[in-house]
Structure formats: C-alpha cells, structure tokens
Participant: 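The structure is given below, and queries will be raised subsequently.
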Amino acid sequence: MNIVIVGDGKVGSALTEHLSKEGHNVVIIDKDPKVVEEKVNTYDVMGVCGNGASYNVQKEAGVDKARLLIAATSSDELNILCCLVAKKIGAHHTVARVRNPEYAHQLHFFKEELGLSLIVNPEYAAANEIARVLRYPTAINMESFAGGRVDLAEIKITDGNPLGGVCVRDISNRFKAHVLICAVQRGDDVYIPNGDFRLQIGDRVHITSDRNEMVAFMKELHIYKHRTKNVLISGGGFKVERLMVLCKAVFCEIRKALNGKEVVTVKADGKTVDRKEVYNVLAYLGAYVVVVFIGVFLVCLDNVDMPEAISAVLTCFNNVGPAFGRLSPTGNFSVLSGFSKLVLSFLMLAGRLEIYPMLIVFYYKAWKRRN
C-alpha cells in the first residue's frame, strides 16, 4: 500500500517504523531535511523535504497515487489542511491528528463535508480508555463501538464464577441479561461458540452487549464492582493544586455571599486549608499575572505584535505551545532578537523552576553579604 506520512515527530516516526516493517511503500514529508535524511537512511522509505500542505510537495511525494495520507504534525490546522489538499489531489483516504478539543464537535462535518476519513485525538482516546477501565474494573479488556453504545468486554472465568460449566444457550435466561458470547479463548485455542458450547474455568470470554445490559450481567455474575469514585491523577503538580485551592476559595466566597451566616472553609485532600495558605495562592496568582504582563511589555518593545507577544510569553512561561503568527508551528522563534529570546528564556526557566526562585535572583537582599 502506498502511504504518505506528513510530519516526522514522535507519532510520525513510530508510524514510519511500523508501516515500513510491514512492507508498505512509505513516503514521509517534513520541513527538516536532517530528519528526512535520517529516516531515509534508517528505513526503507522515501522522503520529501517541504511543507506538507503544499500542492507541489504532495505531488512530488506521489499523494495522487497514495492509498492513505496521515497528517501527524504538531499543528491541528496544518493536519486538516494537508488532508484537504491530499483529498483534492486524489488520495483515497486521509487521517488527521487533531488534539484541540474544540474540534471534537465538528468531527461529523470534517468527515461528511470535507471528506476526511478519520480524525484521531490521542489525549481524548486515552481518556476514553481510562474511563472504560474505571467503568468495568473487573474486565481484562474493554472496547466500545457505535459511539459508545455497545461494549465488548473480555473476562476470565475463575473459580467460583457462575459461568463455569454453563452452556451458552442458557446464559440469557439464567442471568436475566441479553448478552452475546462472541469468542472463547481456551488455552491456545479460540472458539466461536454455538448454543451447545459449555464454558469452563480458565476460559477467557469475549462478551458484547449495550452498556446497561453489560452492567446488569456483571452484577448477576457477582463480579461487578461499584464505579470508582476516588481517582488519583499523577502529574498534576503544584500548579494544579494551586488552581484547585483557588477555585474552591472562589466557590466558598460565593456561598458566603449568598448566606452570610454560613461558615465556609476551603478543603483540599480532606483537610482544611488555612486562610494564610489561600492568601499565598492568591499572591502566587498575582505574581504570575505581573510576570506575564512585564514579559509581554518587554517583548512588545522588540516590535513584536501584541498577539504574537502574548502567545510567545504564555507558550514559554507555561511550557506549552504553539504560539501564533510568525511563531506558529510553521515558523520559529529565530525571527526574534536576542533581547526577546533572553526574556523568553527567563520565562521558560521561571515556568519550570517556579516563579519565586527566579524572582529571588533580582531581590537585592539575596545578594547582600551576610556576616
């Protein structure tokens, strides 16, 4: 199969490796000539250096003869544009990686009106997978179909499981749930069971049904666990904790305004947060706003447009991207002067090391000699 991959980042590189090993004719498009040269020398693929949304570049890559084009650059808009151009040139199918949740409600329009074959949001897919695991914690694997209306679960029949020794035809009447046994894995063998097939201890059973019937079936088997209510998310860090305290403080102030006699306290992790800590969070927020304002002011002094300056400061300070205008994914920060780069470098360090440690550097008492 002729496949064109636009963007050779982490996703594009992984796709190139897997598809080339499967024997497909792969062509990669990327703006960085070093990246293209490296992939061409490493894998049995062809490479084209240039803008993946360009008509001429896609023609050179043979998109008109391609069965599939995959756009996996860091820009959602560029991925969509690549697919639109490829569809007009003659590509049979197009796949775009779109990470912005704002486009989630436009998937039908992209597919039906613009002709995109598939829109993939990695973060949204991961969130759905986590939600499925939390919904059926006893299932080994879980997949959803028909927009989440139908579930396919894999469970293992262990000792004490009521399914052990039961014929497939008796399941619906015995457990009062309408489910379909799709396949049974017994050791190294896989069976497509008929009504006379009898389940045994140790079998891995693949069951499908709509969501409500699946929950009812799990309950009848007495293996259903209540939905998880307490979830720990690793990776939030201090920034998320501060935001949580700030939101709760605002909510508490609203409750106090509605009912002046009510005593309201801010709680985090089941513990009451002292008002001094809340003030510290507000002080941090104030410092954040001041640093952003000063950063935007200094970058604007370098003849940078206000939208570009704001996006550049927020991108570097929060360590997220991309920025806008000349600093978008199709451009870079090389257009800025050394002064602006120095300011943005400071903001990047402040975002990584927290604000206060970086501000201490400019506090005169920190450099005052101590006896």
Side-chain angles (χ1 to χ4, degrees), residues 1-129 143-148 152 322 328-330:
M1 181 186 298
N2 296 328
I3 301 175
V4 177
I5 300 175
V6 181
D8 197 59
K10 293 182 179 179
V11 175
S13 179
L15 289 172
T16 301
E17 179 180 357
H18 289 293
L19 294 175
S20 62
K21 289 181 178 180
E22 291 179 2
H24 297 287
N25 299 322
V26 178
V27 180
I28 59 173
I29 301 176
D30 197 273
K31 296 182 66 175
D32 191 341
K34 294 182 179 179
V35 171
V36 174
E37 182 180 0
E38 178 184 355
K39 289 297 181 292
V40 171
N41 294 333
T42 305
Y43 305 106
D44 185 17
V45 299
M46 297 181 62
V48 176
C49 183
N51 184 357
S54 170
Y55 172 85
N56 294 329
V57 172
Q58 289 200 12
K59 288 288 290 184
E60 182 181 354
V63 172
D64 54 329
K65 301 178 182 178
R67 188 71 180 177
L68 174 65
L69 178 135
I70 304 174
T73 71
S74 58
S75 171
D76 295 343
E77 291 76 13
L78 182 59
N79 292 338
I80 296 173
L81 181 58
C82 289
C83 291
L84 294 179
V85 174
K87 200 66 179 178
K88 290 295 183 181
I89 292 178
H92 288 76
H93 300 286
T94 56
V95 178
R97 183 181 72 168
V98 179
R99 306 173 68 175
N100 193 333
E102 294 181 1
Y103 296 120
H105 303 292
Q106 306 176 31
L107 299 183
H108 178 77
F109 174 78
F110 287 146
K111 293 180 180 180
E112 299 299 328
E113 301 297 332
L114 301 183
L116 275 70
S117 304
L118 181 64
I119 302 290
V120 179
N121 187 330
E123 287 80 5
Y124 184 71
N128 283 334
E129 182 65 25
E143 297 291 341
S144 296
F145 302 92
L152 175 64
S328 65
T330 57

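Please read all numbers here as calculations on a predicted model, not as lab measurements.
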Participant: Could you report the tightest heavy-atom contact between Val63 and Ala86, atom names first, then the distance?
Facilitator: CG1-CB, 3.6 Å

Participant: Quick one: does Leu84's side chain get under 4.5 Å of Leu116's, heavy atoms only?
Facilitator: yes

Participant: Keeping to residues at least two apart or across chains, list the salt bridge (charged side-chain N to carboxylate O under 4.0 Å, His left out) pairs with something in residues 88-100.
Facilitator: Arg99-Glu123

Participant: Can you sort out the partners of Val85 under side-chain contact (heavy atoms from CB on, under 4.5 Å), two or more places apart, ordered by chain and number?
Facilitator: Gln58, Leu81, Ile89

Participant: What are the two closest heavy atoms between Arg67 and His92, and how far apart are they?
Facilitator: NH1-CD2, 3.2 Å

Participant: Tell me, do Ile70 and Val6 make a side-chain contact under 4.5 Å, heavy atoms counted?
Facilitator: no

Participant: Using a 4.5 Å cut-off on heavy atoms from C-beta on, say whether the side chain of Asn51 contacts that of Leu78.
Facilitator: yes

Participant: Out of curiosity, Lys31 NZ to Ser54 OG, how far, rounded to the nearest 0.5 Å?
Facilitator: 11.0 Å

Participant: For the residue pair Cys82 and Ala71, what are the closest heavy atoms and their distance?
Facilitator: CB-CB, 4.0 Å

Participant: Please table the atom pairs, donor to acceptor, closer than 3.5 Å between any side-chain atom in residues 19-29 and protein atoms at least two apart or in another chain.
Facilitator:
residue, atom, partner, partner atom, Å
Ser20, OG, Thr16, O, 2.7
Ser20, OG, Glu17, O, 3.0
Lys21, NZ, Glu17, OE2, 3.1
Glu22, OE1, His24, NE2, 3.3
Asn25, ND2, Asn2, OD1, 3.1

Participant: If the condition is side-chain contact (heavy atoms from CB on, under 4.5 Å), which residues does Ala72 pass it with, not counting sequence neighbours?
Facilitator: Val11

Participant: Are the side chains of Val120 and Val98 in touch, meaning some heavy atoms are under 4.5 Å apart?
Facilitator: no

Participant: Taking only residues two or more places apart in sequence, or in another chain, which ones meet Asn79 in a side-chain hydrogen bond (donor to acceptor under 3.5 Å, both in side chains)?
Facilitator: Thr73

Participant: Where do Ser117 and Lys87 come nearest, in terms of heavy atoms and distance?
Facilitator: OG-NZ, 4.4 Å

Participant: Which salt bridge (charged side-chain N to carboxylate O under 4.0 Å, His left out) pairs, counting each pair once, include a residue from residues 52-61, with sequence neighbours left out?
Facilitator: Lys59-Asp64

Participant: Report the distance from atom CG of Leu118 to atom SG of Cys83, rounding to the nearest 0.5 Å.
Facilitator: 9.5 Å

Participant: Determine which pairs satisfy side-chain hydrogen bond (donor to acceptor under 3.5 Å, both in side chains) with at least one residue from residues 32-50, sequence neighbours left out, and list them in order.
Facilitator: Asp8-Lys39

Participant: Quick one: does Val95's side chain get under 4.5 Å of Leu68's, heavy atoms only?
Facilitator: yes

